[in-house]
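Right, one structure below, let's go through it.
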2 protein chains.
Amino acid sequence: MSQTVDRALSILPLLAQGPADLGQVADRLGVHKSTALRLLRTLHDHGLVYRQQDQRYRLGARLFALAQEAVENLDVREIAHPHLVTLNEQIGHTVHLAVYEESEVLYIDKVEGRYPVRMYSRIGKPVAITVAAVAKLLLADLPEHERRAIAEKLDYPMYTSRSTPNAAAFLKELAAVRDQGWATDLGGHEESINCIGAPIRGAAGRVVAAMSVSAPNVVVTAEELLTLLPLVRRTADAVSREYSGSVTPH
Amino acid sequence: MSQTVDRALSILPLLAQGPADLGQVADRLGVHKSTALRLLRTLHDHGLVYRQQDQRYRLGARLFALAQEAVENLDVREIAHPHLVTLNEQIGHTVHLAVYEESEVLYIDKVEGRYPVRMYSRIGKPVAITVAAVAKLLLADLPEHERRAIAEKLDYPMYTSRSTPNAAAFLKELAAVRDQGWATDLGGHEESINCIGAPIRGAAGRVVAAMSVSAPNVVVTAEELLTLLPLVRRTADAVSREYSGSVTPH
DNA sequence: GCGGGGCGTTGCACCATTTGCAACAGTCAT
DNA sequence: ATGACTGTTGCAAATGGTGCAACGCCCCGC
């Protein structure tokens, strides 16, 4: 592993917490000011870091552009998108697409519902991993030891009284999700919002993404939402078929 | 500037175009495979790069998380957000907030309108710089030489017949915007969508951000939209005052 | 107006780090 | 099996990064 690059990259999460001046960066990195300066300059040249008027550094614009381009080039997303739109038109609720990567689950696409629901989700934002339907679907498919390892090291914030309380409950839920092939989040994240989700599988049968439909229970009750499950699953399966076909098998 | 870091960072935009394997990365960087491998490994350790099942590399999840954290810590955004929400509630249309940085204008916040408009904008996405109201506001405030330099090197895509056609027209428009203190985009980006925008100024009077209201002309005509201008400007001014007050003058 | 402290910046000499090579290992196709 | 291809490792050479010390600058207090 390259030391120089390692140090340079360590600056990014540091600046993510807020702007910092040269001295602060050098201190936190444990290197000389001049070293920090050169690293920052290089980051700056690549647009990853921006220098504001008060000379302090903060993360730069190119970072967004990169994240943006990256998400738009994900092939699952590309294939799934039209299906999400169609589903959204059919049922009117907000539709999400998410993937798992390195112990995190994050939204990579979203189609807003026509009901005025303000869900706090955003593309690129890490998902509430212990409660979200998509997170359950993605984690349920991991090999057992990995699933267990992740479950153990997670926090279990009680967003509501129906949030998953601890690792044991979570693993049990994951097992159920794995068996039934779909997942729900009934008020586990936001008291008034329910979700149902289904997995998208690649050629090898592994879950590569998950999609979900979210609706506030002032519009549809949880039971009514569950009646949409077959439609959601059919959509997810359609995406799976298309995705499996288009990818060179490995 | 650090060569090692420079090379490592050059990998990111390269991967933004799509996944690539070790050999391709090494070739495009012009370095030996083993060198590329070590750089990729370092990037991987920091989560900026992800290795998919077929061994190819693509941009990683942490990139999104970083961009996300960064945008949430922008103080203009933090201050402006409640104002955007209020404005949105009053008029029902989509509200955007954007900043200028290193020759780019990008959205840093967005509140969706209640009308089913599907505008292709997203937080972190670079704005259509030659036509968007927010872009005009931000560029209009730059020192003259910088403004000219940017105008010259931009492309002027004709999204619609009313798009800004060339540098001369753009500079003229910027001068007008600068004088009047507000800006519009009347069908210059999407034929059926009009925007009006107003600048947010820091303590020194410089424009630090810009906000805009967008509405499809099937809902309100351009003239009707313009009647909302005073309200938009008042909101922007309120943000300006709050922002100026909270920032240590320089 | 003068002097001190803080911060960012530069040139330089040393040596740790990175580099490319060459050889190895694994996988797939012929 | 054999060959071609890709990813991986150990190593010796030297390039490129590092920390130091000195400088310039601005701001603040005396």
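Proteins come first, then strands; the chains are lettered A, B, ... in the order of their sequence lines, and each starts at number 1.
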Within this structure, what is the [atom1]-to-[atom2] distance between [X] and [N], rounded to whole angstrom?
X: B:D54; N: D:dG7; atom1: CG; atom2: P; result: 10 Å
X: B:D6; N: D:dG17; atom1: CG; atom2: C1'; result: 14 Å
X: B:D27; N: D:dT6; atom1: CG; atom2: P; result: 9 Å
X: B:H32; N: C:dA22; atom1: NE2; atom2: P; result: 8 Å
X: A:R56; N: C:dG8; atom1: CZ; atom2: P; result: 11 Å
X: A:M1; N: D:dT9; atom1: CE; atom2: P; result: 14 Å
X: A:L40; N: C:dG8; atom1: CG; atom2: P; result: 10 Å

So, does [X] get its side chain near the phosphate of [N], meaning an N or O under 4.0 Å from OP1 or OP2?
X: B:R51; N: D:dT8; answer: yes
X: A:T4; N: C:dT17; answer: no
X: A:R7; N: C:dA16; answer: no

Side chain B:S34 and base C:dG20 donor-acceptor under 3.5 Å: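 Side chain to base: pair found, below 3.5 Å.
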N/O donor-acceptor pair, side chain B:S2 with base D:dG17, under 3.5 angstrom: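 A donor-acceptor contact between them is absent.
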Side chain of [X] - closest among [options]:
X: A:Q3; options: C:dT17, D:dT8, D:dT9; result: C:dT17
X: B:L37; options: C:dT9, D:dT9, D:dC20; result: D:dT9
X: A:R38; options: C:dG8, D:dT8, D:dG19; result: D:dG19
X: A:L39; options: D:dG19, D:dT18, C:dA22; result: D:dT18

5′-ward residue of the pair A:G30/A:K33 relative to DNA chain D: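 Going by which nucleotide is closer to the 5' end, it is A:G30.
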Can you confirm whether [X] sits close enough to [Y] that some side-chain heavy atom of one is under 4.5 Å from a side-chain heavy atom of the other?
X: A:R56; Y: A:D21; value: yes
X: A:V134; Y: A:Y107; value: yes
X: A:V49; Y: A:L12; value: yes
X: A:L39; Y: A:T4; value: yes
X: B:H46; Y: A:D6; value: yes

Sugar-phosphate, base or nothing in reach of B:R41, heavy atoms under 4.0 Å: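 The residue B:R41 makes sugar-phosphate contact but no base contact.
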Contact nearer the 5' end of DNA chain C, comparing A:L22 with B:V31: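 Whichever sits nearer the 5' end wins; that is A:L22.
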